[in-house]
Peer 1: 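Before anything else, here's the structure in question.
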Amino acid sequence: MALFNRVSHIVRHAKGIRFNSGTPAALQAMNSLRFDDNALLASVDSETYNEYHSAIKNGVAVSDKASSVIAKALFEWSKERGAVNFSHQFYPLRSMAAGMKHDAFVDLDFSDPKPLKDIVSDFDGGKLWMSETDGSSFPNGGLRATHTAAAYMITDRTSPPYIKGDTLVFPSAFMSWNGHALDHKTGLLRSQEAVTRECTRLLHLLGFTDVEETYAQVGWEQEFFVVPRELVVARPDLLNSGRTVCGALPPRGQQLSDHYFGKVHPRVKAFFEDFQHELLLRGICMSVYHNEVAPGQHEMSPIFSVTNVAADQNVLTCELMQEISVSHGLVALPHEKPFLGINGTGKHCNWGMSTNTGMNLFKAGKTPETQASFVTFVAALMHGVNKYPEAYRASVATSGNDHRLGADEAPPAIFSMYTGPVLGDHLERIAAGGELAGYTGGRYGDKMIETGSRATGPVGGAMEDRNRTAPLPFCGNRFEFRAVGGNQNISLPMTVMNTTAAEGAAVIADLIEHEGMSPRDAVAHVLKENMNIVFNGDGYSSEWHEHAEHERGLPNLKDTVDAFRAWDSDKNLALFSKHKVFSSEEMKALKSINFQRYSDDIEIEADTFLGMMNQGVLPAAATDLKNYEGTKLAGKRASVYEALATEVDNLQAVRDAWPTDCEEAAADYARTHVKPAMATARAAHDAAEVLINSSLYPFPTYYDMIYPHQQEA
């Protein structure tokens, strides 16, 4: 058995076993399946190691000689861990579904003069940095076609390779032959270049001349439901779309608030233990997991990482989550709204920036210099959000996330920033002429919290309260992008956040460099122009929605269609072009892809609903009604079941009239015609479901899926 399998066996089954060091097996094996910088340093000579990092810093190719040395080191390391294949994994524009092909560590022995070459085990430098495939078979918005199909996977040298199963995986960008991005990763990598370029320039103007690089970082929080597998496979809607398109709520939902941070029940706990161990093996620092608000819902989160690596790790996490949950007889559901009537699923992204010198740009610190830098970068972000709220909204726009945003369980579709009242007042004073320094708030330690009992000591809480209704609240040392959907690749939201923050930094730097303003005056100028985006109240309230839209003029793009109609506006095209993140062709392709995906999602849901009704629920209703013939016990069943049949027919008629000649028109029709017809038909179904004899109802109910597995060992 390969070493990888032996390690996995130990980690899964030797719970509580400790090595001589006293460290549990899972912690001792941590990071053993990731080829990180320490592994590289231990595997190659210093000349190769230094050349590799110099190549990354300068954006140049690694020499053939160094590539061969690195490839050999990776080959030996991977074989020791049971790898037989390698893969340049890429991230097509199709939500969370990564792309990969498995290439074996084999080749022909070309040194042999025989015409029939021997097969040898091999991995050389020529296979290290790229691979090729057909780009036309992935969502591309017209950037590729069958007769112009070439596309390339290009290794992301800053995202460490890892072992998954029998395969060494290289996280990679995906580019067309003519240089267009066909993936989530490439725009994110480009936005990181904008961050380091513009934010480092601004830091130099603030006096931090020793800074060479600025990094954007994010720690994501992945929510999901788990449902017994045998119930999922009996629900065509969950298999086809990831969410239930029909289903009546059980009497007990989340109203008791007893699931949030409650005991993780044994069957799910066993899954979490294996899940955490597999993540730790691959260097994903899963530091927290717990029950979420909705019954059957859970969350896990790692510590932050640079944004491109965090995005790769989130995809890997969701892949492992699916595989390991199935091994426990469960299925993990990351869809934004698997169940109507209880909370849906988000992926809060805790975003910040730091430098190669160790500065956290969103930590005020104790010196006037760091406090001035802190408010400068808050102002830069405020500029980005206030000037480009449509880009933020589009970055989180999906058919699934439309169920969450503005539904009193997630931030509204109107984008604003929460600073907290103390920081907000400080920013107002700067705009009115005050000094940059003076705000000292952090994550902990500013507000003393005392219980009134000697049994507990006083502790320091944050200076600002927590606001869960804001799309972008300040959290003491970072900003939390709370509107990201649970089934989204985080790359586009992070690309938008990086790019707009870089633009804000560029605006302030230009005012200092080209307009002759002092840093204080430049920051005050930007604050005056952008205080409009700050709101420290209840983002769920109807009063805020009215005020934001009609008095502040903030856009309220309520769904995916409206959001992507605004995506390629002139100002957004100029922004992403200026910072070399997306070309106009790539922007328009993203718009096209997302319109198509939206209508495809709704079409799958509508067709699934119709199939479930016609083949399952209506026959069950007919049988149920027949059982009451000759009695007066049927109650309102006949009228309820007839209403369902009528609404199913209405939905079918709407579905049959769907326009298909234009992506935008198809998406708009899905929004304005199909979704309302589905909602009406669903309401008719849910009224019927609670009347049909439970032995006749053909699908697992909400109660079946949410509760019983929580009581299983």
Side-chain angles (χ1 to χ4, degrees), residues 30-31 34 36-38 91 156 158-160 162 171 184-185 188-189 191-196 199 211 213-223 276 279-280 282-290 299-318 320-321 346-365 370 373-374 377-378 380-381 384 395-396 417 441-444 462 464 466 468 471-486 488-502:
M30 186 169 59
N31 218 41
R34 182 171 80 154
D36 61 9
D37 194 60
N38 291 326
Y91 308 92
D156 178 357
T158 63
S159 188
Y162 56 87
H184 292 289
K185 176 185 275 288
L188 181 56
L189 291 173
S191 74
Q192 290 179 180
E193 296 292 341
V195 164
T196 198
C199 295
V211 173
E213 297 272 354
T214 306
Y215 313 110
Q217 297 160 322
V218 65
W220 41 264
E221 305 169 22
Q222 180 69 55
E223 296 175 344
Q276 183 180 48
L279 293 177
L280 293 176
R282 292 162 183 84
I284 300 174
C285 48
M286 177 178 167
S287 58
V288 174
Y289 64 86
H290 60 81
E299 178 182 291
M300 58 77 56
S301 58
I303 304 172
F304 66 86
S305 183
V306 288
T307 50
N308 63 308
V309 176
D312 298 342
Q313 290 185 338
N314 183 242
V315 172
L316 173 58
T317 294
C318 289
L320 291 170
M321 182 172 72
K347 184 154 30 191
H348 306 151
C349 288
N350 296 276
W351 177 91
M353 295 190 293
S354 66
T355 71
N356 65 298
T357 60
M359 287 180 64
N360 179 342
L361 299 185
F362 291 113
K363 183 177 181 180
T370 60
S373 170
F374 164 74
F377 283 97
V378 171
L381 183 61
S395 77
V396 295
M417 292 174 62
R443 188 178 180 190
Y444 298 120
E464 312 291 354
R466 176 181 289 200
R468 292 170 54 86
L472 286 165
F474 176 59
C475 299
N477 59 4
R478 66 196 188 278
F479 282 85
E480 183 182 16
F481 195 168
R482 291 183 55 83
V484 182
Q488 274 194 270
N489 188 305
I490 68 170
S491 294
L492 186 57
M494 294 300 97
T495 298
V496 169
M497 203 156 189
N498 288 351
T499 307
T500 56

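We count residues from 1, following the sequence as given. The basis for the numbers below is simple: all heavy atoms, side chains too, and nothing from hydrogens, waters or symmetry mates.
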Peer 1: As a quick check of understanding, evaluate side chain to side chain contact (heavy atoms under 4.5 Å, CB included) for I490 and V218, giving each step before the final call.
Peer 2: CA-CA 10 Å; I490 68 170; V218 65; 4.0 Å; yes

Peer 1: Does any N or O in the side chain of N350 come within less than 3.5 Å of the main-chain N or O of G219, such that one atom is a donor and the other an acceptor?
Peer 2: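 Yes, N350 side chain to G219 backbone: donor-acceptor pair under 3.5 Å.
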
Peer 1: Output yes when a side-chain donor or acceptor of K347 lies under 3.5 Å from a complementary backbone atom of Q488, and no otherwise.
Peer 2: yes

Peer 1: A quick test of your reading: do over 12 heavy atoms of other residues, nucleotides or ligands sit less than 6.0 Å from CE of M359?
Peer 2: yes

Peer 1: What residues form a ring-ring contact (aromatic ring centres under 6.0 Å, His included) with Y289, not counting sequence neighbours?
Peer 2: F272

Peer 1: Under the 3.5 angstrom rule, does the side chain of T196 hit a backbone N or O of E193 as a donor-acceptor pair?
Peer 2: no

Peer 1: So, do K185 and D312 sit near enough that their side-chain heavy atoms are less than 4.5 Å apart?
Peer 2: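 In contact.
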
Peer 1: Return yes if some donor-acceptor pair links the side-chain N/O of E223 with the main-chain N/O of G346 below 3.5 Å, else return no.
Peer 2: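 Yes, the answer is positive, given that a donor and an acceptor are paired below the 3.5 Å cut-off.
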
Peer 1: Do R478 and R443 come close enough that some side-chain heavy atom pair is under 4.5 Å?
Peer 2: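 Yes, side chains in contact.
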
Peer 1: Would F481 and L472 satisfy side chain to side chain contact (heavy atoms under 4.5 Å, CB included), going step by step from the backbone distance to the final call?
Peer 2: CA-CA 5 Å; F481 195 168; L472 286 165; 3.8 Å; yes

Peer 1: Would you say D36's side chain and P160's backbone share a donor-acceptor pair under 3.5 angstrom?
Peer 2: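 Pair absent, no side-chain N/O of D36 close to backbone of P160.
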
Peer 1: With sequence neighbours excluded, what pairs up with F474 under the ring-ring contact (aromatic ring centres under 6.0 Å, His included) test?
Peer 2: F374, F479

Peer 1: Kindly say whether C475 contributes a backbone atom to a donor-acceptor pair with the side chain of E464 at under 3.5 angstrom?
Peer 2: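 No, because the side chain of E464 does not come within donor-acceptor range (under 3.5 Å) of the backbone of C475.
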
Peer 1: So how far is it from T214 OG1 to L361 CG, rounded to the nearest 0.5 Å?
Peer 2: 6.0 Å

Peer 1: Could you measure the distance from the CE atom of M497 to the CE atom of M353? Nearest 0.5 Å is fine.
Peer 2: 9.0 Å

Peer 1: Just wondering, do T317 and I284 contact through their side chains at under 4.5 Å, heavy atoms?
Peer 2: yes

Peer 1: Provide the closest heavy-atom pair for A501 versus L381 in the form atom of the first, atom of the second, distance.
Peer 2: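 Minimum heavy-atom separation between A501 and L381: CB-CD1, 4.3 Å.
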
Peer 1: Just jot down the side-chain hydrogen bond (donor to acceptor under 3.5 Å, both in side chains) partners of E299, sequence neighbours excluded, or say none.
Peer 2: H290

Peer 1: Quick one: are H184 and L188 in side-chain contact, heavy atoms under 4.5 Å?
Peer 2: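 Not touching, per the 4.5 Å side-chain cut-off.
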
Peer 1: Apply side-chain hydrogen bond (donor to acceptor under 3.5 Å, both in side chains) to S191 and list each qualifying residue two or more places apart in sequence or on a separate chain.
Peer 2: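 S191 satisfies side-chain hydrogen bond (donor to acceptor under 3.5 Å, both in side chains) with N498 only.
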
Peer 1: Measuring from Y91:OH to D156:CG, what's the distance to the nearest 0.5 Å?
Peer 2: 8.0 Å

Peer 1: Under a 3.5 Å distance rule, please check whether Q222 uses its side chain to pair with a backbone N or O of C318 as donor and acceptor.
Peer 2: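 A pair under 3.5 Å: no.
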
Peer 1: Go through the structure and list residues passing ring-ring contact (aromatic ring centres under 6.0 Å, His included) with W351, not counting sequence neighbours.
Peer 2: F362

Peer 1: Q192: which residues meet the side-chain hydrogen bond (donor to acceptor under 3.5 Å, both in side chains) condition with it, sequence neighbours left out?
Peer 2: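 Partners of Q192 under the side-chain hydrogen bond (donor to acceptor under 3.5 Å, both in side chains) test: T307, N308.
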
